[in-house]
There are 2 protein chains.
Amino acid sequence: MSLASDQARPGAAEKPTLYKRIRLDIETRILTGEWPPGHRIPFEHQLMARYRCSRMTVNKALSELAQADLIERRRRAGSFVRRPQHLSAVLKIADIRAEITALGRSYGYQLIDCRRRTATAADRARLGVSTAGKVIVIACRHSADNVPFAVEDRLIDLSTVPEAATADFSHEPPGSWLLHHVPWTEAEHTISAVVADDRTAKALHIAVGSPCLVIDRYTWRSARTVTAVRLHYPGETHRLVARFKGG
Amino acid sequence: MSLASDQARPGAAEKPTLYKRIRLDIETRILTGEWPPGHRIPFEHQLMARYRCSRMTVNKALSELAQADLIERRRRAGSFVRRPQHLSAVLKIADIRAEITALGRSYGYQLIDCRRRTATAADRARLGVSTAGKVIVIACRHSADNVPFAVEDRLIDLSTVPEAATADFSHEPPGSWLLHHVPWTEAEHTISAVVADDRTAKALHIAVGSPCLVIDRYTWRSARTVTAVRLHYPGETHRLVARFKGG
DNA sequence: CACGATTATATGTCTAGACATATAAGTCAA
DNA sequence: TTGACTTATATGTCTAGACATATAATCGTG
């Protein structure tokens, strides 16, 4: 594992390119807290002078930091360290069906419950809306190679996605349908841990009281809530893995 | 999706810049499956011709797609659509002390145990090394406003970081020390859920059997393992939150 | 003082080049 | 066939400019 590219002689640290060095320098200052959230990063032309390079080079470094959400750039004002998103995490929005099939496992889907109703107070709170429109409430289960993979509880706001009223979720998972029919503009993920209650334990074929990884995802289109979904994964078998480079 | 009618509606629909249009065009083809994983994207040359722009412009579009892990770029070979990630998660490496103080809460640190020993078989397996060098084993606790925030179990490979032998971890958390002294080049995070065992429950002041979020982080410098750390967070109070844009 | 107009400035995008470098592919000898 | 060498080529990085654009700051006017 771990990148077997051992062609480098021990101690022969390859010199990174200039823009990467600039990016790493800034990143380090941010991650160590030397430059706290809100701190203004030196202007591009100051960095040009410090590193003796062209503006495009520092611009590339800063642009990548901005794409990684470590800094925020504002015209005329400068570039600023962003507030950390509480152990900032980025989870790409993903379709469970695509995820499972990409792993070469067979995907299974069982619709547990699907109903349409006027949003209750709890529904409105969950979706973050104040008016009481219609919603779709879905419970379903995803499995991989016939083993339960996750249970899903979803709420879809029909006032944002009226087309969903005519969709058939008995065979197509709502996540896949939404991904193909509704472009999202913003999303929020929250990861937490719980112990399985009776219903979840039954659906996942695990013991009551065993740990579950929970992912809550909210999706918006412009300023309108599209959907709120909670996924329970068996915590002992499911893992979220992320590998990334810092150089 | 519908990048269709983008005509001159008075107040809205500002024309995106060229490189963003290139990026969106490619992104759309990937997300709709028109260009499946493994498909080779047109060479920069060809895109220059198609969009009648300079190489730097198409390069910027492709670089951003590469940073977002949608494509992979290989010298001489070209750029290729990547296989979708296994619910790919990216957690920025962060220093818990900086994280807590950034939230405006007071940071507390308690060293539970710190010892130095020749790596056991289990240590070697955890660090992914085969030779039996010296390691530092640390257990400590982080708290926010005097409430336990996380317990940490860490292994530091002294053959990679000999300077750590003389570091004093009785007051400085090892994560902070490492961030300041050892630049990392790669890291891997795994998130899972467990139920608290006796020791963890005591340290976090929670009940045995309550859920915990677990983050395992491995850090490398070049091809050498720097440290392996496991963090237990109380699952009922701790959340990993991520907000991001998809437009 | 309040408020609109102007200006200065930092970032955003783009160009037309340059040389570096990794590597797929082809070539040739053992 | 295999291995070593060469070459072609696509990407990687960088430069020294250019103009566009959003907006913080300043200025001027009522």
Side-chain angles (χ1 to χ4, degrees), chain A residues 3-9 12-26 35 38-82 245-247, chain B residues 8 11-27 35 38-82 185 222-223 245 247:
Chain A
L3 257 228
S5 56
D6 269 357
Q7 46 85 263
R9 293 162 302 281
E14 56 202 275
K15 198 180 89 178
T17 57
L18 180 51
Y19 95 86
K20 279 183 180 161
R21 222 186 83 215
I22 300 174
R23 173 158 66 75
L24 188 62
D25 281 359
I26 296 171
W35 286 351
H39 181 269
R40 195 177 64 202
I41 281 161
F43 296 128
E44 291 189 349
H45 72 264
Q46 298 177 295
L47 293 170
M48 285 170 66
R50 175 176 316 171
Y51 291 97
R52 298 172 179 283
C53 64
S54 79
R55 206 186 128 219
M56 279 303 285
T57 301
V58 308
N59 185 283
K60 178 159 177 136
L62 294 176
S63 295
E64 290 197 359
L65 290 169
Q67 202 191 339
D69 259 346
L70 241 79
I71 67 172
E72 186 190 343
R73 314 198 71 197
R74 291 206 301 273
R75 275 182 149 118
R76 161 77 211 232
S79 303
F80 302 84
V81 177
R82 280 182 60 104
K245 296 197 199 73
Chain B
E14 66 215 61
K15 196 181 93 179
T17 57
L18 181 51
Y19 94 86
K20 279 183 180 159
R21 224 188 80 213
I22 300 174
R23 174 158 66 74
L24 187 62
D25 280 0
I26 296 172
E27 212 169 77
W35 287 351
H39 181 268
R40 195 177 65 200
I41 281 160
F43 297 129
E44 294 188 348
H45 264 91
Q46 302 175 291
L47 292 170
M48 286 170 67
R50 175 177 314 173
Y51 291 97
R52 298 172 176 283
C53 64
S54 78
R55 206 185 127 218
M56 280 301 287
T57 301
V58 307
N59 185 282
K60 178 159 178 140
L62 293 176
S63 296
E64 290 197 359
L65 290 169
Q67 202 191 339
D69 261 346
L70 244 80
I71 67 172
E72 186 190 345
R73 313 198 72 198
R74 291 205 303 271
R75 273 183 151 123
R76 160 79 211 230
S79 303
F80 302 84
V81 177
R82 277 182 63 104
T185 57
S222 303
K245 296 195 202 77

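What's counted below: heavy atoms across the whole structure, side chains too, no hydrogens, waters or symmetry copies. Nothing here was measured: the structure is a model prediction, and the numbers come from that model. Letters go in sequence order (proteins before strands), and every chain restarts at 1.
- Remark: side-chain polar atoms of B/Q67 are paired, donor with acceptor, to backbone N or O of A/E64 under 3.5 angstrom.
- A sub-4.0 Å separation between OP1 or OP2 of C/dG12 and a side-chain N or O of A/R73 is present.
- The side chain of A/T57 places an N or O atom within less than 4.0 Å of a non-bridging phosphate oxygen (OP1 or OP2) of D/dT15.
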**Request:** Show your reasoning for whether side chain to side chain contact (heavy atoms under 4.5 Å, CB included) applies to A/L47 and A/L62.
**Result:** CA-CA 10 Å; A/L47 293 170; A/L62 294 176; 4.1 Å; yes
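- Rounded to an integer number of Å, the gap from A/H45 NE2 to C/dA8 P is 16 Å.
- Counting to the nearest Å, the C1' atom of D/dT11 and the CG atom of B/L65 are 15 Å from each other.
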**Request:** Begin from the C-alpha positions of B/T57 and B/T17 and carry the test side chain to side chain contact (heavy atoms under 4.5 Å, CB included) through to its verdict.
**Result:** CA-CA 10 Å; B/T57 301; B/T17 57; over 6 Å; no
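- Considering only side-chain N and O atoms, B/T17 lies under 4.0 angstrom from the phosphate OP1 or OP2 of C/dT13.
- If you measure from atom CZ of B/F80 to atom C1' of D/dA10, you get 10 Å, rounded to the nearest angstrom.
- Note: CE (B/M56) to P (D/dC14) measures 10 Å, nearest angstrom.
- With hydrogens and angles left out, the side chain of B/R76 and the base of C/dA24 share a donor-acceptor pair within 3.5 Å.
- Checking the phosphate oxygens (OP1, OP2) of D/dG12, no side-chain nitrogen or oxygen of A/K20 falls inside 4.0 Å.
- Residue B/K60 places no side-chain N or O under 4.0 Å from the OP1 or OP2 atom of C/dG12.
- Between the CZ atom of B/R74 and the P atom of D/dG12 there is a distance of 11 Å, rounded to whole Å.
- Both A/A77 and A/C53 lie close to DNA chain D; mapped to their nearest nucleotides by heavy-atom distance, the more 5′-ward contact belongs to A/C53.
- When the C1' atom of D/dT11 is taken as reference, atom CD of B/Q67 falls 17 Å away, rounded to whole Å.
- Using a 4.0 Å heavy-atom distance criterion, B/L18 is classed as a sugar-phosphate-only contact.
- The interatomic distance linking B/N59 (CG) with C/dA18 (P) rounds to 17 Å, in whole Å.
- Closest approach of A/E44 to A/R73, counting heavy atoms only: OE2-NH2, 2.5 Å.
- The environment of CZ in B/R21 is sparse: at most 12 heavy-atom neighbours from other residues, nucleotides or ligands sit within 6.0 Å.
- Nearest-nucleotide positions on DNA chain C for B/Y19 and A/I41 put A/I41 closer to the 5' end.
- Within 3.5 Å, a donor on the side chain of B/R55 pairs with an acceptor on the base of D/dG12, or the reverse.
- Within the 4.0 angstrom heavy-atom criterion, only backbone atoms of the sugar-phosphate kind lie near B/S79; the bases stay farther away.
- Atom pair A/R75:CZ and D/dC19:P shows a separation of 17 Å (rounding to whole Å applied).
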